[in-house]
Amino acid sequence: SLLESRIQPLDAMLQGLQEERDSLAHEVDETKTKLSEVEQKLETVPVVDQDAISHLEDRVKELDAHATALQSENSSLESKLHEVENRLTETLKEHLAAVAQLDSARSERSLLESRIQSLDAMLQG
């Protein structure tokens, strides 16, 4: 029926959005893990002679820059994740509305079929 043909693409879209959301959530988790590793490296930097200290300070600056880049990437991924979750919610609402319309149309059809049977019985009786 028309409503069923509307539901099928919504189901496919819903599935695609769920997969995209799962993928983005996985990327966010990976970014958080990388960020945690960088922060741990920063905490374990040993202090030694001046040359080593200078080298380590440069390395800390590199790691800080990397951590900042990862935080930025994480923010971007979280934004995308929220967008996908919002689209998923909207698609789910559309899907549920279409299912409700389909159920309503089926109930109406059933009622009409009952009335037709009653009229047929009256005409034959």
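The figures that follow rest on heavy atoms only: side chains count, while hydrogens, waters and symmetry mates do not. Counting begins at 1 with the first residue of the sequence. This is a predicted model, so every value here is computed, not measured.
- For the atom pair NE2 of His66 and CZ of Arg59, the computed distance is 8.5 Å after rounding to the nearest 0.5 Å.
- The structure places CG of Asp103 at 10.5 Å from CD of Gln101, a figure rounded to the nearest 0.5 Å.
- At a threshold of 4.5 Å between non-hydrogen side-chain atoms, the residues Glu83 and Glu20 do not count as touching.
- A salt bridge links Glu78 with Lys32: the closest approach of a Lys/Arg side-chain nitrogen to an acidic carboxylate oxygen falls below 4.0 angstrom.
- At distances below 3.5 Å, at least one donor-acceptor pair connects side-chain atoms of Thr68 with backbone N or O atoms of Asp64.
- Minimum heavy-atom separation, Leu81 to Ala25: CD1-N, 4.0 Å.
- In this structure, CD in Glu113 is found 12.0 Å from CZ in Arg106, a value given to the nearest 0.5 Å.
- By the 4.0 Å N-to-carboxylate-O rule, Lys41 lies too far from Glu37 to be salt-bridged with it.
- By the rule that hydrophobic residues join a cluster once side-chain heavy atoms approach within less than 4.5 Å of another member, Leu92 and Met13 end up as members of one cluster.
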- request: Go through the steps for Lys93 and Glu90 under the test salt bridge (charged side-chain N to carboxylate O under 4.0 Å, His left out), then give the verdict.
  value: CA-CA 5 Å; Lys93 285 179 185 176; Glu90 287 306 310; 3.6 Å; yes
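- Using a 4.5 Å heavy-atom threshold, the side chains of Gln40 and Ser36 count as touching.
- The shortest heavy-atom contact between Leu17 and Val84 is O-CG1, 3.3 Å.
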- prompt: Going through the distances and angles, do His26 and Glu30 end up as a side-chain hydrogen bond (donor to acceptor under 3.5 Å, both in side chains)?
  reply: CA-CA 6 Å; His26 179 70; Glu30 285 181 348; 2.7 Å; yes
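- Within a 6.0 Å sphere centred on CD of Glu108, other residues, nucleotides and ligands contribute 12 heavy atoms or fewer.
- Separating the CG atom in Leu63 from the CG atom in Asp58 is a distance of 11.0 Å, to the nearest 0.5 Å.
- Between Ser72 atom OG and Leu77 atom CG the span is 9.5 Å, to the nearest 0.5 Å.
- Between Ala67 and Leu35, the shortest heavy-atom distance links the atoms O-CD1, 3.6 Å.
- A side-chain donor-acceptor contact under 3.5 Å links Glu19 and Gln15.
- Between the NE2 atom of His95 and the CG atom of Leu88 there is a distance of 11.5 Å, given to the nearest 0.5 Å.
- Under a hydrophobic clustering in which Ile, Leu, Val, Met, Phe, Trp and Tyr are joined whenever their side-chain heavy atoms come within less than 4.5 Å, directly or via other members, Leu14 and Leu96 fall into the same cluster.
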